[in-house]
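Below you'll find the structure, written out as structure tokens, and then a few comments.
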Amino acid sequence: QVQLVESGGGLVQPGGSLRLSCAASGSIFSIYYMGWYRQAPGKQRELVAGITSGGSTNYADSVKGRFTISRDNAKNTVYLQMNSLKPEDTAVYYCNVISGVTMNSSWGQGTQVTVSS
């Protein structure tokens, strides 16, 4: 079992910045992928950004140029630097990790990001 702990969420004004962190622990053999998803009330969970073990990244069109995903493989930690935040970025942000030979998917409990003036 893999446990994920997210941190770094909070309240920020439009145009501000936040940095989210997600640390993985537990029964980890290998991590193939780490990513960030978000879900606003009444909406489906959507991919924000992801990064593979090889360093390839992908972003939702809505966050390209504003958000940056990175990872520290030695620490089993993934980060999401969020700049130029907009009210529509308001959501609960969830960390996702795909690990092990079975490609098991694990989710964190989420961290709230609120962008409001």
Side-chain angles (χ1 to χ4, degrees):
Q1 190 84 347
V2 176
Q3 292 81 45
L4 304 177
V5 179
E6 301 113 328
S7 62
L11 175 64
V12 65
Q13 293 184 352
S17 298
L18 286 173
R19 186 177 188 246
L20 306 183
S21 300
C22 174
S25 62
S27 301
I28 302 174
F29 180 75
S30 61
I31 296 177
Y32 298 99
Y33 168 90
M34 303 184 81
W36 289 96
Y37 290 71
R38 67 187 181 188
Q39 187 168 27
K43 297 183 179 180
Q44 294 187 14
R45 188 173 298 185
E46 64 175 349
L47 174 68
V48 177
I51 185 167
T52 70
S53 60
S56 297
T57 59
N58 63 292
Y59 298 90
D61 288 341
S62 60
V63 307
K64 287 181 180 178
R66 299 188 297 120
F67 292 8
T68 302
I69 189 170
S70 61
R71 66 182 291 177
D72 186 331
N73 291 333
K75 297 180 179 179
N76 291 325
T77 300
V78 63
Y79 307 93
L80 185 67
Q81 179 66 47
M82 305 186 295
N83 299 325
S84 302
L85 284 162
K86 304 174 180 179
E88 49 263 45
D89 295 318
T90 296
V92 177
Y93 284 69
Y94 297 91
C95 180
N96 173 240
V97 171
I98 298 175
S99 62
V101 296
T102 61
M103 305 295 282
N104 182 61
S105 180
S106 301
W107 293 90
Q109 294 299 307
T111 183
Q112 177 71 47
V113 172
T114 302
V115 185
S116 177
S117 59

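Sequence positions, counted from 1, serve as the residue numbers for this chain.
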Exercise. Please report the closest heavy-atom contact between S117 and P14, naming both atoms and the distance.
Key: N-CD, 3.7 Å
Quiz item: Looking at residues at least two apart in the chain, or sitting in another chain, which of them share a side-chain contact (heavy atoms from CB on, under 4.5 Å) with S30?
Solution: Y32
Quiz prompt | From L47 atom CG to R45 atom CZ, the distance as rounded to the nearest 0.5 Å | solution = 11.5 Å
Quiz item: S17: what forms a side-chain contact (heavy atoms from CB on, under 4.5 Å) with it, not counting sequence neighbours?
Solution: Q81, N83
Quiz item: Do Y94 and V78 sit in the same hydrophobic cluster, where Ile, Leu, Val, Met, Phe, Trp and Tyr count as joined when their side-chain heavy atoms come under 4.5 Å apart?
Solution: no
Practice problem: Enumerate the residue pairs fulfilling salt bridge (Lys or Arg N to Asp or Glu O under 4.0 Å) with a member in residues 48-64, sequence neighbours excluded, ordered by first and then second residue. | Solution: D61-K64
Exercise. Scan residues 19-100 for pairs that pass disulfide (SG to SG under 2.5 Å), counting only residues two or more places apart or in two chains.
Key: C22-C95
Please list every donor-acceptor pair under 3.5 Å in which a side-chain atom of residues 33-42 meets a protein atom from a residue at least two apart or in another chain.
residue: R38; atom: NE; partner: E46; partner atom: OE2; Å: 2.8
residue: R38; atom: NH1; partner: D89; partner atom: OD1; Å: 3.0
residue: R38; atom: NH1; partner: Y93; partner atom: OH; Å: 2.9
residue: R38; atom: NH2; partner: E46; partner atom: OE2; Å: 3.4
residue: R38; atom: NH2; partner: S62; partner atom: OG; Å: 3.4
residue: Q39; atom: NE2; partner: K43; partner atom: O; Å: 3.1

Self-check item: Qualifying disulfide (SG to SG under 2.5 Å) pairs with a residue from residues 57-93, counting only residues at least two apart or across chains
Solution: none
Using a 3.5 Å cut-off and no angle test, enumerate the donor-acceptor pairs between side-chain atoms of residues 98-110 and protein atoms at least two apart in sequence or in another chain.
residue: N104; atom: ND2; partner: S106; partner atom: OG; Å: 3.3
residue: S105; atom: OG; partner: N96; partner atom: ND2; Å: 2.9

Quiz prompt | Set of side-chain hydrogen bond (donor to acceptor under 3.5 Å, both in side chains) partners for T114, sequence neighbours left out | solution = Q112
Quiz prompt | Residue pair T90 / V113, side-chain heavy-atom distance below 4.5 Å | solution = no
Practice problem: Nearest 0.5 Å please: distance from the CZ atom of F67 over to the CG atom of L20. | Solution: 8.0 Å
Practice problem: Please collect all salt bridge (Lys or Arg N to Asp or Glu O under 4.0 Å) contacts where either partner lies in residues 69-80, sequence neighbours excluded, each pair once. | Solution: none
Quiz item: When rounded to the nearest 0.5 angstrom, what is the spacing between OG1 in T52 and CD1 in I31?
Solution: 12.5 Å
Exercise. Sort and list the pairs that fulfil salt bridge (Lys or Arg N to Asp or Glu O under 4.0 Å) and have at least one residue in residues 105-117, not counting sequence neighbours.
Key: none
Practice problem: Please identify each residue that fulfils side-chain hydrogen bond (donor to acceptor under 3.5 Å, both in side chains) with Q3, with sequence neighbours left out. | Solution: none
Quiz item: Okay, side chain of T111, backbone of G9: is any donor-acceptor separation there less than 3.5 Å?
Solution: yes
Practice problem: Flag yes if more than 12 heavy atoms outside E88 fall under 6.0 Å of its CD atom; otherwise flag no. | Solution: yes
Exercise. Mind checking side-chain contact (heavy atoms from CB on, under 4.5 Å) for T57 and listing every partner two or more places apart, or none if nothing turns up?
Key: I51, Y59, I69
